[in-house]
Amino acid sequence: MAHGEPEQLGARLDEESARTLPPAEELASRFPRTGEVTPLSEQQWQQCMSDLKFGSQFSEHMAAATWTPQAGWHDLQIKPYGPLSVSPAASVLHYGQEIFEGMKAYRHADGSVWTFRPGYNAARFNDSADRMAMPRMDPEDFVASLVALVRADQRWVPTEPGTALYLRPFMFASEGFLGVRSAHEFTYLVIASPVGPYFTNGFAPVSIWVTRKYHRAGPGGTGAAKTGGNYASSLLPQAEASERGFEQVCFLDAATAQNLEELGGMNVFVVGRDGRIRTPKLTGTILAGGTRSAILTLLREDGYDVSEETIPLEELVADIQSGKVQEMFACGTAAVVAPIGRLGSEEFDLHLPSTTVTTKIYERLTAIQNGTAEDTHGWMYRIL
Ligand SMILES: *Cc1c(COP(=O)(O)O)cnc(C)c1O
């Protein structure tokens, strides 16, 4: 199957995500419950919910489905969360054929539970599947898996402001076969993890190391797919950045090593003092973040001059040194929006003092997600 043009990816995902989904009530029954969990006691559950470190606690169920060439997707179900049994020859373990998504379920003040643009993630999941030669999934089934899991584990959606139930849909090649080709069996799962606010002391600016030594993706590679391999290749650069006292790594494009791309798992924005806001354009090596897309829309609505363009590092460094750029931020579902306070490399160590636009966009977006501001874009989908 031919893969789409990278320049059109953002627009295509926005368009596909705008399609109307059936109400959650209708979708939930596509993933019936099988098996019995031994429920945690109230005390054990409270223990879990009081330690909301990112990705460390998991709810009691998981959604599951299997794909084979003969049967397509089948055995859709919600089952007890627990260890898997996989063939040691499963091709994911050898060749890394795997994709994933990251989303959140938010509890609103009235007790209802919502998620943000599930159609966007469903469309991106299929785009990643195409690139990794994996089967597509009906977007309604994808959303149904989230709905059914959150409904089964509704007590795991935390209530405190800034908390959410993080949802991790993923698919991997589970066929036991060492030949190098796309697998003939795939497993789809969704697990859920209650998470607290990413920043414990509010809005702590992050420090970013710009690496020239490593790249996360190259032209024609898998940079636009949400696949584990991109993360695997970012771990050593991440560890080296940590050793230097920086929290995250920023990658440059592999072809010229001159232009800003993104962090290991977050997109970046540059805010000019003149009000111009820029983010690297989607070239096929950058992940098309849903948070990036929503922020572009909100900033344009607020009257900012926003563009997706090539951002040469040399020019950015000069602009920060001259004070033309005093603010940058990173964004993604897990952290939402993070101010970048320091940008370093072998050649420079720069400080970015401002967080004005970053704070504004963070508040604007989280107000929609938490249900305290009107959702004029139809981004929120009610699960419960
Ligand atoms: C998931 C991800 C993002 C952020 O995407 P969101 O849809 O905003 O969560 C950015 N970059 C990379 C490499 C990612 O994997």
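Every number for a ligand or one of its atoms is a count from 1 in the order of the listing.
- The closest donor-acceptor contact from the side chain of Thr66 to the backbone of Thr187 lies at 3.5 Å or more, if one exists at all.
- Ligand 1 lies under 4.0 Å from heavy atoms of Arg124, Arg216, Lys226, Tyr231, Glu262, Gly264, Gly265, Met266, Asn267, Leu287, Gly289, Gly290, Thr291, Gly332, Thr333.
- In this structure, Tyr304 has no ring-ring contact (aromatic ring centres under 6.0 Å, His included) partners at least two apart in sequence or on a different chain.
- Aromatic ring orientation, Phe125 versus Phe142: tilted (interplanar angle from 30° to 60°).
- Listed by first then second residue, pairs satisfying side-chain hydrogen bond (donor to acceptor under 3.5 Å, both in side chains) with a partner in residues 220-235 read Thr222-Asn230, not counting sequence neighbours.
- Here Glu346 pairs with Arg244 under the salt bridge (Lys or Arg N to Asp or Glu O under 4.0 Å) rule; sequence neighbours left out.
- Between the side chain of Glu262 and the main chain of Val268, no donor-acceptor pair closer than 3.5 Å is present.
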